[in-house]
Amino acid sequence: MEDQNKKIPARNFNLTSFKKATTDIVNLNNSSYLDYLLDRRKKIYLKNYTPEEIQRIINSGSIEEQQKLSRNYFNKDGFYKQLVMHYASLLKNTGLLIPTPRFKTTLSKSKQQKAYFNALEFVDSLNVPMLASDIYLKVILDGAYYAVKTYDDKNNLIILELPSLFCSSSYKNLQGKDVIDFDLNYFDSIGDSKVRNLLLTKAYPKIFLKAYHQFKKGKITNLFSIPTDISIYFSFSDTSRPFFLNVIQSTIDYDEAVHNHKTKDLEEIKKIIVNEIPHLNDGTLVFEPEEAAEMHEGICDMVKNNENVSVITSYGKITSIGSNTTDGVHKNYLEPMIDNIFSRAGVSKQLFASTGTSSLEKSVENDLSVMMLLANKVSKFITDIVNNKFGSKELNFIYKILPVSLYNEEDYITSSYKLTSSGYSYLVPAVAQGFSQREFLNLKDLENDLLDLENRLIPLKSSFQAGNESTEKKAFRQGFAKDNTK
């Protein structure tokens with residue numbers, strides 16, 4: 001103690017140099033420790049909305065703002081994308097084309113049969129499962145699906161989807177059909193003039209080219225009302241609002257909670273080396289700040305390859321007080337947040353992490369009932385275009401998408417097959433399996449006419465079948481046996 005309290009000569013201490021050394025220590029410590037995980041999380045290429053922006057857009061934002069918000073968080077993956085994709089891909093979109101002959105008209109006539117098979121071929125060319133799934137995705141994600149009907153050089157129907165950010169629909173015509181207003185500024189947004197001219201002359205109906213020229217001459221406004229005989233519009237409601245828009249904020253809250261928990265976990269496994277520089281009891285420094293900085297640099301060099309170690313160099317004592325959070329508390333904190341996401345969406349979380357069957361089955365039934373609202377609109381759309389092309393005074397058609405998904409197909413096929421014994425359709429269980437009507441007919445022709453499977457796939461004889469063997473076959477078999485014993 002006496003040696004420690006012994007007076008030493010005055011030192012040439014400079015506060016400026018001390019501050020500079022302290023700054024160097026901090027900078028050096030930051031460069032020796034790099035949190036790679038947090039660094040990766042900062043590389044976000046999509047927009048990060050503030051909670052205030054999200055609430056404003058959800059409550060009073062324009063349709064364009066709401067669509068951009070929806071697509072932004074869909075592209076970021078996570079809960080929001082899972083919900084959208086679940087609903088968009090829920091139905092198998094298998095359907096039946098049903099001919100409806102008028103009174104005293106029979107389907108046995110060659111004229112009606114030809115119309116029916118031509119209509120079947122046309123429906124298959126539409127690829128209804130893919131078309132319907134694309135419509136569902138756009139309606140759920142953007143709030144509406146916009147398209148126009150056009151035709152190629154061979155008069156084949158082409159459904160051309162329109163950019164949703166340049167479309168809107170706010171009223172119906174006298175026939176009750178939704179009118180699409182298309183913003184002609186879309187073509188000006190295409191920087192390449194060759195691409196713009198190609199779209200106007202080759203891809204879009206000619207009426208768009210005419211309207212665009214009138215717009216450029218100032219004769220009409222930028223909003224062009226597309227004739228309803230070529231326009232295609234689908235939505236859940238008249239608002240054209242993204243279906244799960246109110247879920248976005250809940251998913252963000254959950255992601256932030258998970259990120260905070262990961263950050264805390266990282267901090268709990270990190271070690272801090274405290275390099276306390278000694279000094280005398282009267283506060284006299286034993287080492288100059290520059291010397292302390294050199295010692296700090298040496299320690300940092302020794303541990304720089306361990307990313308979970310930080311170094312603190314100080315002349316005074318440092319104390320860190322943290323909260324002891326257990327995993328149980330963390331799970332109890334996140335569980336209600338997950339429940340809140342699915343509650344806002346009206347979906348059971350059992351869909352993505354099933355722990356039981358009863359609640360999941362009921363949830364899928366609710367989801368099917370929601371999606372069938374949109375599927376029935378698609379069925380009506382296909383019915384209309386088939387009748388416009390192949391319908392007549394004697395024969396019309398009805399197209400129906402069946403309420404079948406991967407979740408309920410087994411029960412649906414089993415129940416519909418049981419009804420065949422009471423005279424109901426054989427086509428329903430076949431189509432529910434995923435076959436189109438033409439595929440099912442072609443498959444049966446293949447089995448019966450070409451492969452002759454009826455005679456090739458002969459079942460094994462049971463004792464009952466052997467007892468009921470015909471007299472002719474029995475006599476032939478016994479005679480054959482006698483001949484072989486001679």
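Counting heavy atoms from C-beta on, the side chains of Gln437 and Tyr116 come closer than 4.5 Å. Side-chain contact check for Ser168 versus Ile63: every heavy-atom pair is 4.5 Å or farther apart. Looking at heavy atoms from C-beta onward, Leu91 lies in side-chain contact with Leu368 at the 4.5 angstrom threshold. Using a 4.5 Å heavy-atom cutoff, the side chains of Lys444 and Asp449 are not in contact.
Within 6.0 Å of the NZ atom in Lys389, the count of heavy atoms belonging to other residues, nucleotides or ligands exceeds 12.
At distances below 3.5 Å, not a single donor-acceptor pair connects side-chain atoms of Thr94 with backbone N or O atoms of Gly434. The closest donor-acceptor contact from the side chain of Arg102 to the backbone of Asn396 lies at 3.5 Å or more, if one exists at all. Listed for the Ser421 side chain is a donor-acceptor partner under 3.5 Å among the backbone atoms of Lys418. A distance-only check finds no donor-acceptor pair linking the side chain of Asn387 to the backbone of Gly391 [under 3.5 Å]. Of the possible polar contacts, none joining the Gln112 side chain to the Leu395 backbone as a donor-acceptor pair under 3.5 Å is found. Put simply, the side chain of Ser70 gets close to the backbone of Leu141: a donor and an acceptor are under 3.5 Å apart. Thr383 places no side-chain N or O within 3.5 Å of a backbone atom of Ile398 that could act as its donor or acceptor partner. Looking only at distances, a side-chain donor or acceptor of Asn197 sits under 3.5 Å from a matching main-chain atom of Ser193. Panel note: side chain Asn388, backbone Asp384; a donor-acceptor pair is recorded below 3.5 Å. Panel note: side chain Thr420, backbone Tyr417; a donor-acceptor pair is recorded below 3.5 Å.
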In residues 169-180, what donor-acceptor pairs under 3.5 Å come from side-chain atoms, sequence neighbours left out?
{"residue": "Ser169", "atom": "OG", "partner": "Val179", "partner atom": "O", "Å": "2.9"}
{"residue": "Tyr171", "atom": "OH", "partner": "Ser225", "partner atom": "OG", "Å": "3.3"}
{"residue": "Lys172", "atom": "NZ", "partner": "Asp178", "partner atom": "OD1", "Å": "2.9"}
{"residue": "Lys172", "atom": "NZ", "partner": "Asp178", "partner atom": "OD2", "Å": "3.2"}
{"residue": "Asn173", "atom": "OD1", "partner": "Gln175", "partner atom": "N", "Å": "3.1"}
{"residue": "Asn173", "atom": "OD1", "partner": "Gly176", "partner atom": "N", "Å": "3.1"}
{"residue": "Asn173", "atom": "OD1", "partner": "Lys177", "partner atom": "N", "Å": "2.8"}
{"residue": "Asn173", "atom": "ND2", "partner": "Gln175", "partner atom": "OE1", "Å": "3.4"}
{"residue": "Asn173", "atom": "ND2", "partner": "Thr228", "partner atom": "OG1", "Å": "3.3"}

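No side-chain N or O of Ser89 forms a donor-acceptor pair with one of Tyr136 less than 3.5 Å apart. No side-chain donor from either of Tyr407 and Asp367 sits under 3.5 Å from a side-chain acceptor of the other. Side chain to side chain, Asn408 and Ser405 meet the donor-acceptor criterion of an N or O pair below 3.5 Å.
Taking Asp124 as the reference, Arg438 meet the side-chain hydrogen bond (donor to acceptor under 3.5 Å, both in side chains) condition, with sequence neighbours excluded. Lys81 meets the side-chain hydrogen bond (donor to acceptor under 3.5 Å, both in side chains) test with Asp77; sequence neighbours excluded.
For the pair Gly95 and Val431, the tightest heavy-atom approach, listed with the atom from each and the gap, is O-CG1, 3.4 Å.
Taking the six-membered ring where the residue is Trp, the centroids of Tyr233 and Tyr146 are separated by under 6.0 Å. Ring to ring, Phe390 and Phe397 are not that close: their centroids are 6.0 angstrom or more apart. Ring-centre distance between Phe187 and Tyr212: below the 6.0 Å cut-off. For Phe236 and Phe243, the distance between ring centers is under 6.0 angstrom. Taking the six-membered ring for Trp and the full ring otherwise, the centers of Phe208 and Phe224 sit less than 6.0 Å from each other.
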Report the C-alpha distance between Phe182 and Val148 in whole Å, list the side-chain angles of each, state the deciding distance to 0.1 Å, and finish with yes or no for side-chain contact (heavy atoms from CB on, under 4.5 Å).
CA-CA 11 Å; Phe182 181 76; Val148 290; over 6 Å; no
Checking side-chain contact (heavy atoms from CB on, under 4.5 Å) for the pair Ser164/Lys138: CA distance, chi angles, key distance, verdict?
CA-CA 9 Å; Ser164 60; Lys138 298 302 168 48; over 6 Å; no
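Taking the ring axis of Phe381 as reference, the NZ or CZ atom of Lys377 does not stay both within 45° of it and closer than 6.0 Å to the ring centre.
For the atom pair Tyr186 OH and Leu199 CG, the distance stands at 5.5 Å (nearest 0.5 Å). To the nearest 0.5 Å, atom CD1 of residue Ile158 and atom CG of residue Asp152 are 4.5 Å apart. Atom OG of residue Ser235 and atom CG of residue Leu373 lie 11.5 Å apart, to the nearest 0.5 angstrom. A distance of 9.0 Å separates CD of Gln66 from OG of Ser60, quoted to the nearest 0.5 Å. The distance from the NE2 atom of His213 to the CD1 atom of Ile220 is 11.5 Å, given to the nearest 0.5 Å. Note: Ile140 CD1 to Leu83 CG = 10.0 Å, rounded to the nearest 0.5 Å.
A salt bridge is absent between Glu53 and Arg56; no separation between the charged side-chain nitrogens and carboxylate oxygens falls under 4.0 Å.
Only one option out of Ile207, Leu162, Ile232 pairs with Ile226 in a side-chain contact (heavy atoms from CB on, under 4.5 Å); it is Leu162.
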